[in-house]
Amino acid sequence: MKTGAAIIRKCEAKDLTQLTQFALKTFKDTFEKDNDPKDFKAYIDKAITEEKLGQEMTHKGSSFYFLELEGQIIGYIKLNLTPFQSDINDPKSLELERAYVDLNYHGLGYGKMLFDFIIEQAKSHQIEYIWLGVWERNAKAIAFYKQLGFYKFSEHPFKLGTAQQKDHLMRYDLPLS
């Protein structure tokens, strides 16, 4: 998919180092300031490594995509079909497990571009709804998802190091065609 100079492309094994570096950067930018440093480090040392992301890349039902602008990575997403979803595991659903746009590119329409791409992916798999988990304290992301048409339908626990947190589960129902 292309919009202006921005493109979305599927990550391949050769992209693993870049994916890991960008995932770490955007996760730190988004959450580090709001969490205990020890818990934060414990989480990223386990969850955002080349080994872990490399394993996730091999799952047939999981896909990572880069959003690139003039050859520079400015965003990425991870989509999961069943049985590789982190929760729900409904064959009629697509999980948006990760969605990050570099802070320097917020508010410029790139999040919407990624969302439109996700809808295309969902339709290509004959999916009825897209769902995601978002930290209850991430008001900016929650507002963005609501603006796109997502609504909260449940909650689930999320462990960051030793800290027990809560994610809102949000859902977007695809229009019947």
Side-chain angles (χ1 to χ4, degrees), residues 1-35 37 40-41 43-81 84-86 93-127 130-135 138-150 158 160 167 170 172 174:
M1 177 177 197
K2 208 171 192 169
T3 297
I7 62 162
I8 298 172
R9 72 169 177 89
K10 190 169 186 176
C11 295
E12 301 173 20
K14 68 180 177 61
D15 298 315
L16 182 57
T17 298
Q18 280 186 297
L19 174 63
T20 305
Q21 291 170 350
F22 190 80
L24 274 169
K25 177 195 181 318
T26 53
F27 195 81
K28 285 178 179 181
D29 288 348
T30 306
F31 300 113
E32 189 169 31
K33 67 187 178 311
D34 297 318
N35 285 282
F40 191 83
K41 183 170 177 8
Y43 177 79
I44 63 173
D45 286 351
K46 180 179 163 192
I48 308 177
T49 67
E50 281 197 25
E51 180 182 356
K52 176 81 165 112
L53 295 181
Q55 289 170 353
E56 292 175 12
M57 284 180 107
T58 65
H59 298 155
K60 278 188 170 185
S62 295
S63 301
F64 290 88
Y65 296 89
F66 280 145
L67 171 62
E68 296 179 340
L69 181 64
E70 298 171 0
Q72 178 186 347
I73 300 165
I74 64 166
Y76 88 103
I77 56 173
K78 180 185 180 202
L79 304 176
N80 296 322
L81 296 166
F84 299 103
Q85 295 181 0
S86 64
S93 73
L94 175 68
E95 178 188 16
L96 172 57
E97 184 179 356
R98 298 190 192 120
Y100 293 91
V101 173
D102 186 287
L103 289 175
N104 296 317
Y105 296 91
H106 281 199
L108 301 175
Y110 294 110
K112 175 71 166 83
M113 181 182 171
L114 285 169
F115 179 65
D116 291 343
F117 175 79
I118 295 163
I119 288 175
E120 286 178 21
Q121 295 301 303
K123 286 179 179 177
S124 75
H125 290 284
Q126 297 163 341
I127 295 299
I130 301 162
W131 71 273
L132 56 87
V134 59
W135 188 25
N138 191 348
K140 185 176 178 180
I142 292 169
F144 176 72
Y145 293 128
K146 283 182 178 178
Q147 179 184 340
L148 293 172
F150 281 83
F158 181 85
L160 189 113
D167 280 356
M170 298 183 77
Y172 175 88
L174 278 91

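Counting from 1, the numbers follow the sequence of the chain as shown.
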Which heavy atom of [X] sits nearest to which heavy atom of [Y], and what is that distance?
| X | Y | answer |
| --- | --- | --- |
| A6 | L69 | N-CD1, 3.8 Å |
| A23 | I48 | CB-CG2, 3.8 Å |
| L148 | Y172 | O-CE1, 3.3 Å |
| S93 | L81 | O-CD2, 4.3 Å |
| F84 | K60 | CE1-N, 4.1 Å |
| V101 | Y105 | CG1-CB, 3.8 Å |

Distance check, rounded to the nearest 0.5 Å: [X] atom [atom1] versus [Y] atom [atom2]?
| X | Y | atom1 | atom2 | value |
| --- | --- | --- | --- | --- |
| Q18 | E50 | CD | CD | 10.5 Å |
| T20 | I44 | OG1 | CD1 | 12.0 Å |
| L96 | I130 | CG | CD1 | 7.5 Å |
| I77 | I8 | CD1 | CD1 | 6.0 Å |
| D102 | D29 | CG | CG | 6.5 Å |
| I127 | L94 | CD1 | CG | 5.5 Å |

Are [X] and [Y] side-chain neighbours, meaning at least one heavy-atom pair lies under 4.5 Å?
| X | Y | value |
| --- | --- | --- |
| L79 | E97 | no |
| H106 | F144 | no |
| M170 | W131 | no |
| T30 | W135 | no |

Practice task
Please test F40 against F27 for ring-ring contact (aromatic ring centres under 6.0 Å, His included), starting from the C-alpha separation and ending with a verdict.
Solution key: CA-CA 10 Å; F40 191 83; F27 195 81; 5.5 Å; yes

Partners meeting salt bridge (charged side-chain N to carboxylate O under 4.0 Å, His left out) with [X] (sequence neighbours left out):
| X | answer |
| --- | --- |
| K41 | D45 |
| E56 | K52, K78, R98 |
| D15 | R9 |

Problem - Full working for side chain to side chain contact (heavy atoms under 4.5 Å, CB included) between L53 and F64 - result: CA-CA 10 Å; L53 295 181; F64 290 88; 4.1 Å; yes

If we ignore hydrogens and angles and just use 3.5 Å, is the side chain of [X] paired with the main-chain N or O of [Y] as donor and acceptor?
| X | Y | result |
| --- | --- | --- |
| E95 | S86 | yes |
| N138 | V134 | no |
| T58 | Q55 | yes |

Practice task
Kindly say whether the aromatic ring centers of F115 and F150 come within a distance under 6.0 Å.
Solution key: yes

Completion exercise
ring pair (Phe, Tyr, Trp, His ring centres under 6.0 Å) test vs Y65 passes for just one of Y76, Y100, F22, F117, namely F117

Problem - Q85 and N80: side chain donor to acceptor below 3.5 Å - result: no

